[in-house]
Amino acid sequence: MKRTALLALALASSAVQAIELTDDFGLQLDLTLASDYRTRGVSQTQNDPAAQAGATLLHASGLYAGIWTSNVDYGFGLKTRQEVDYLAGWYWQATDDLSLDLGYIKYTYPGEGQFNQSEVYAILGAYGFQVAAQYSNDAKNLFGEKQDTLYSYLSYEATLPLDLGLTLRYGRNDFKDPLFWSNDGDSSDHYREWEAKLTREFVGVTWGLSYIDTDLSESECASYYGFTDVCSATWVASLSKSF
């Protein structure tokens, strides 16, 4: 039913230093407060704030395993108020400018286990760009119906003057069947989403501001997600800290 953004790995950035456990193992901890939990352009909290935390065990070989969680609110009287994700993968840093990340995520929703699902992903990084594909063959919608999905995106990261970080992303979320219906009766099996984000380090915390939007109309959004306003354009402010 939902997708979470992949955790930033300490192996992927010299700016993030994991807690050294042994010569070969490190532990990265991530904490985030955000004004909304948006993934693939869609709110997972009905536009309300989110508190998120993650822990990732890293090995010098590039292997990693972790857990990540956030509060959620999907409405409709669903019992779950939390998403808990388990992930494992391998990160390969070929050069300073080239990397490959391959992995698996299990998404779980305590209290609503029928929505649990899994996903495999591949992310190629090159000179500030990322090209990614994430595939699931057991995704579930609000009615518990199984649906294959493929999410792909292109992103770019750069450092601007005044040490501002810039991230741009353009993504497409494809489904096996037409799931999004407009008022005129047309249907679609995919939608597009995009994000522009600025970040700045201050007093040991990363401050972020994102503009996020999708090409879904209100009626298309409501036909699948049940609400008209969880897919529309928004600003998301965030505070994050990694150890």
Side-chain angles (χ1 to χ4, degrees), residues 1-13 16-22 24-34 36-45 50-74 78-93 99-125 130 132-142 144-153 155 171 173 175 238 240-243:
M1 181 167 57
K2 304 303 170 192
R3 299 292 184 275
T4 185
L6 295 176
L7 302 179
L9 300 176
L11 290 173
S13 173
V16 179
Q17 299 297 323
I19 300 169
E20 185 176 348
L21 302 178
T22 69
D24 293 325
F25 285 95
L27 179 66
Q28 180 181 325
L29 303 177
D30 300 290
L31 303 174
T32 299
L33 295 175
D36 190 0
Y37 170 20
R38 291 255 167 168
T39 185
R40 302 177 191 185
V42 180
S43 177
Q44 314 298 293
T45 51
Q52 303 167 340
T56 308
L57 182 66
L58 308 164
H59 187 263
S61 65
L63 295 173
Y64 61 88
I67 183 172
W68 184 91
T69 187
S70 175
N71 60 291
V72 295
D73 184 1
Y74 302 129
L78 294 177
K79 296 178 181 178
T80 188
R81 288 294 181 268
Q82 185 180 21
E83 174 185 332
V84 182
D85 303 338
Y86 304 90
L87 70 157
W90 176 63
Y91 181 86
W92 178 50
Q93 187 81 48
S99 64
L100 179 65
D101 190 1
L102 304 173
Y104 167 88
I105 302 178
K106 179 69 175 182
Y107 302 92
T108 68
Y109 303 90
E112 297 288 353
Q114 71 272 23
F115 296 125
N116 294 352
Q117 58 198 257
S118 58
E119 188 173 73
V120 293
Y121 58 85
I123 306 172
L124 176 64
Q130 284 190 343
Q134 301 172 223
Y135 173 74
S136 174
N137 66 355
D138 63 352
K140 312 292 195 314
N141 61 21
L142 286 173
E145 298 170 338
K146 188 175 178 180
Q147 185 72 214
D148 287 14
T149 64
L150 175 64
Y151 174 64
S152 55
Y153 70 83
S155 69
N173 210 11
F175 297 78
S238 63
S240 60
K241 176 72 175 179
S242 294
F243 305 89

Spacing of [atom1] belonging to [X] relative to [atom2] belonging to [Y], to within rounding of 0.5 Å:
X: Leu124; Y: Leu102; atom1: CG; atom2: CG; answer: 9.5 Å
X: Gln44; Y: Ser70; atom1: CD; atom2: OG; answer: 8.5 Å
X: Leu31; Y: Ser242; atom1: CG; atom2: OG; answer: 8.0 Å
X: Asn173; Y: Tyr151; atom1: CG; atom2: OH; answer: 7.5 Å

Please check if the distance between the ring centroids of Tyr107 and Tyr109 is under 6.0 Å.
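So the answer is no for these two rings.
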Compare all side-chain heavy atoms of [X] with those of [Y] and state whether any distance is below 4.5 angstrom.
X: Leu21; Y: Leu57; answer: yes
X: Asn71; Y: Gln82; answer: no
X: Glu112; Y: Arg81; answer: no
X: Phe115; Y: Leu78; answer: yes
X: Gln130; Y: Tyr153; answer: yes
X: Phe25; Y: Ile19; answer: no

Donor-acceptor under 3.5 Å (Thr80 side chain, Pro110 main chain):
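Yes, because the side chain of Thr80 sits within donor-acceptor range (under 3.5 Å) of the backbone of Pro110.
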If you apply the rule side chain to side chain donor-acceptor pair (under 3.5 Å), what do you find for Asp36 with Thr45, and how did you get there?
CA-CA 7 Å; Asp36 190 0; Thr45 51; 2.9 Å; yes
Does the side chain to side chain donor-acceptor pair (under 3.5 Å) test come out yes or no for Glu119 and Gln117, once each step is laid out?
CA-CA 7 Å; Glu119 188 173 73; Gln117 58 198 257; over 6 Å; no
Could you walk me through whether Leu58 and Leu27 pass the side-chain contact (heavy atoms from CB on, under 4.5 Å) test, one step at a time?
CA-CA 6 Å; Leu58 308 164; Leu27 179 66; over 6 Å; no
Whether Lys241 engages the ring of Phe243 as a cation-pi pair (distance to the six-membered ring centre under 6.0 angstrom, angle to the ring normal within 45°) should be assessed.
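Output yes; distance and angle both within limits.
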Near Trp92 CH2, under 6.0 Å, is it more than 12 heavy atoms from other residues, nucleotides or ligands?
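Check fails, neighbour count at 12 or below.
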Check: Tyr37/Asp73 side-chain N/O donor and acceptor closer than 3.5 Å:
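No, because no side-chain N or O of Tyr37 sits under 3.5 Å from a partner of the opposite role on Asp73.
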Whether the Asn116 and Gln114 side chains hold a donor-acceptor pair (N or O, under 3.5 Å, no angle test) is what I'd like checked.
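Their side chains do not contain a donor-acceptor pair, so the 3.5 Å distance test is not met.
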Using the rule given for side chain to side chain donor-acceptor pair (under 3.5 Å), can you reason through Asp138 versus Ser118, listing the C-alpha separation, both sets of side-chain angles and the distance that settles it, and then say yes or no?
CA-CA 7 Å; Asp138 63 352; Ser118 58; 3.2 Å; yes
For the student: nearest non-hydrogen atoms of Leu29 and Ala55, plus distance:
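Closest heavy-atom pair between Leu29 and Ala55: CD2-CB, 3.7 Å.
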Intermediate values then yes/no, side-chain contact (heavy atoms from CB on, under 4.5 Å), Val84 and Ile67
CA-CA 7 Å; Val84 182; Ile67 183 172; 3.9 Å; yes
After noting the C-alpha distance and the side-chain angles of Tyr64 and Asp101, does the key distance pass the side-chain contact (heavy atoms from CB on, under 4.5 Å) rule?
CA-CA 10 Å; Tyr64 61 88; Asp101 190 1; 2.6 Å; yes
Go through the steps to decide whether Trp68 and Ile105 satisfy the test side-chain contact (heavy atoms from CB on, under 4.5 Å), and finish with yes or no.
CA-CA 10 Å; Trp68 184 91; Ile105 302 178; over 6 Å; no
Quick test of your reading of the model: are Glu83 and Lys106 salt-bridged, counting only N-O distances below 4.0 Å?
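Not counted as a salt bridge, because no side-chain N and carboxylate O are separated by less than 4.0 Å.
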